[in-house]
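One structure is given below, encoded as structure tokens.
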Amino acid sequence: QVQLVESGGGLVQTGDSLRLSCAASGRTFTFFTMKWFRQTPGKEREFVAAVSRDAARTYHADSVKGRFAISRDNTKSTVYLQMNNLKPEDTAVYYCAAAWEETITVPNFDYWGQGTQVTVSS
């Protein structure tokens, strides 16, 4: 089992930045590809970003490319999502996820956090 706890969400204005964190515990952190998803009511879950086990490779959805950056610190068992130039359409609950699958571009996961709300006002 892996426990994932997100933090860092909040209410910001258009153009602001936020950094989300996700602390993992349980199984060895470096076993997992780490991912971020987001979801708003009435919409499908969106796969936002992923980072490989060794942090060497990243994936970002087109909707966030150039504005968001995923990273991880394996010494702290933590994955981050730096979000810059936020827009109202980025408003969502953001979820951290862990996957055994090594391929970073597939939107699957095996463990899921409780989510953190990000609200961007116009």
Side-chain angles (χ1 to χ4, degrees):
Q1 281 285 353
V2 173
Q3 292 75 46
L4 302 171
V5 179
E6 300 96 334
S7 61
L11 172 63
V12 296
Q13 295 184 334
T14 299
D16 285 351
S17 297
L18 276 177
R19 188 177 80 156
L20 305 183
S21 299
C22 172
S25 60
R27 302 296 295 270
T28 301
F29 186 62
T30 53
F31 287 174
F32 299 97
T33 299
M34 297 302 297
K35 303 179 181 181
W36 287 97
F37 294 81
R38 64 187 182 185
Q39 191 161 23
T40 55
K43 292 187 178 180
E44 289 189 5
R45 181 175 55 224
E46 181 182 7
F47 177 33
V48 175
V51 59
S52 61
R53 296 172 178 180
D54 62 359
R57 293 170 291 115
T58 60
Y59 163 84
H60 297 87
D62 287 344
S63 58
V64 305
K65 199 171 291 183
R67 300 187 299 121
F68 291 13
I70 189 171
S71 62
R72 66 191 292 165
D73 184 338
N74 287 341
T75 67
K76 296 181 179 179
S77 298
T78 300
V79 61
Y80 304 98
L81 186 67
Q82 177 67 43
M83 306 187 295
N84 299 324
N85 190 21
L86 282 160
K87 303 176 181 181
E89 51 263 44
D90 295 319
T91 295
V93 177
Y94 283 71
Y95 296 92
C96 170
W100 290 105
E101 169 66 55
E102 287 189 76
T103 306
I104 62 171
T105 56
V106 294
N108 63 338
F109 58 91
D110 298 283
Y111 302 98
W112 187 253
Q114 86 290 348
T116 185
Q117 176 72 46
V118 172
T119 303
V120 185
S121 65
S122 58

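Since the structure is predicted, the reported quantities are computational estimates derived from the model, not experimental observations. Note: hydrogens, waters and symmetry copies are ignored here, and every other heavy atom, side chains too, is used.
Rounded to the nearest 0.5 angstrom, Thr40 OG1 and Arg38 CZ are separated by 8.5 Å. Atom CZ of residue Phe32 and atom CG of residue Asn74 lie 12.0 Å apart, to the nearest 0.5 angstrom.
Arg19 places no side-chain N or O within 3.5 Å of a backbone atom of Gln82 that could act as its donor or acceptor partner. Remark: side-chain polar atoms of Glu6 are paired, donor with acceptor, to backbone N or O of Gly115 under 3.5 angstrom. With hydrogens and angles ignored, the 3.5 Å screen pairs a side-chain donor or acceptor of Thr91 with a backbone N or O of Val120. Ser21 places no side-chain N or O within donor-acceptor distance of the main-chain N or O of Tyr80, the cut-off being under 3.5 Å. The main-chain N or O of Ala98 is never found under 3.5 Å from a side-chain atom of Thr33 such that the two would form a donor-acceptor pair.
Remark: Gln3 CD is packed, more than 12 non-hydrogen atoms of other residues, nucleotides or ligands lying under 6.0 Å away. Annotation for Lys65: atom NZ counts as buried by contact number, over 12 foreign heavy atoms lying within 6.0 Å. Heavy atoms from other residues, nucleotides or ligands lying under 6.0 Å from CD of Glu44 number 12 at most.
When the side chains of ILVMFWY residues are joined at heavy-atom separations under 4.5 Å, either directly or via intervening members, Val64 and Val93 end up in two distinct hydrophobic clusters. If you chain together hydrophobic residues whose side chains sit under 4.5 Å apart, Phe109 and Val2 never meet in one group. Side-chain heavy atoms closer than 4.5 Å link hydrophobic residues (I, L, V, M, F, W, Y) into clusters, and following such links, possibly through other members, connects Trp112 to Phe47.
Counting heavy atoms from C-beta outward, Val51 and Ser71 have side chains that stay 4.5 Å or more apart.
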Donor-acceptor pairs under 3.5 Å, side chain of residues 54-61 to any protein atom, not counting sequence neighbours: which ones?
{"from": "Asp54", "atom 1": "OD1", "to": "Ser52", "atom 2": "OG", "distance (Å)": "2.8"}
{"from": "Asp54", "atom 1": "OD1", "to": "Ala56", "atom 2": "N", "distance (Å)": "2.9"}
{"from": "His60", "atom 1": "NE2", "to": "Ile70", "atom 2": "N", "distance (Å)": "3.0"}

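In this structure, Leu18 and Gly10 approach most closely via the heavy-atom pair CD1-N, 4.1 Å. Summarising the geometry of Glu101 relative to Val106, their closest heavy-atom pair is CG-CG2, 3.6 Å, with the distance given to 0.1 Å. Residues Leu4 and Met34 approach most closely at CD2-CE, 4.0 Å, considering heavy atoms. Closest of all the heavy-atom pairs between Trp100 and Asp110 is N-OD2, 2.8 Å. For Ala49 against Leu81, the heavy-atom pair with the smallest separation is CB-CD1, 4.2 Å. Shortest non-hydrogen contact noted between Thr116 and Gly9 is OG1-N, 3.2 Å.
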| request: Report the C-alpha distance between Lys87 and Asp90 in whole Å, list the side-chain angles of each, state the deciding distance to 0.1 Å, and finish with yes or no for salt bridge (Lys or Arg N to Asp or Glu O under 4.0 Å). | output: CA-CA 5 Å; Lys87 303 176 181 181; Asp90 295 319; over 6 Å; no
| Trace of the side-chain contact (heavy atoms from CB on, under 4.5 Å) decision for Thr75 with Phe29 | CA-CA 9 Å; Thr75 67; Phe29 186 62; over 6 Å; no
| Test side-chain contact (heavy atoms from CB on, under 4.5 Å) applied to Lys35 and Asn108, step by step | CA-CA 9 Å; Lys35 303 179 181 181; Asn108 63 338; 2.8 Å; yes
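Figure legend: cation-pi geometry between Arg45 and Tyr95 absent, as NZ or CZ is not positioned both under 6.0 Å from the six-membered ring centre and within 45° of its axis.
Proximity of the aromatic rings of Trp36 and Tyr94 is defined here by a centroid distance below 6.0 angstrom, and this criterion is not met.
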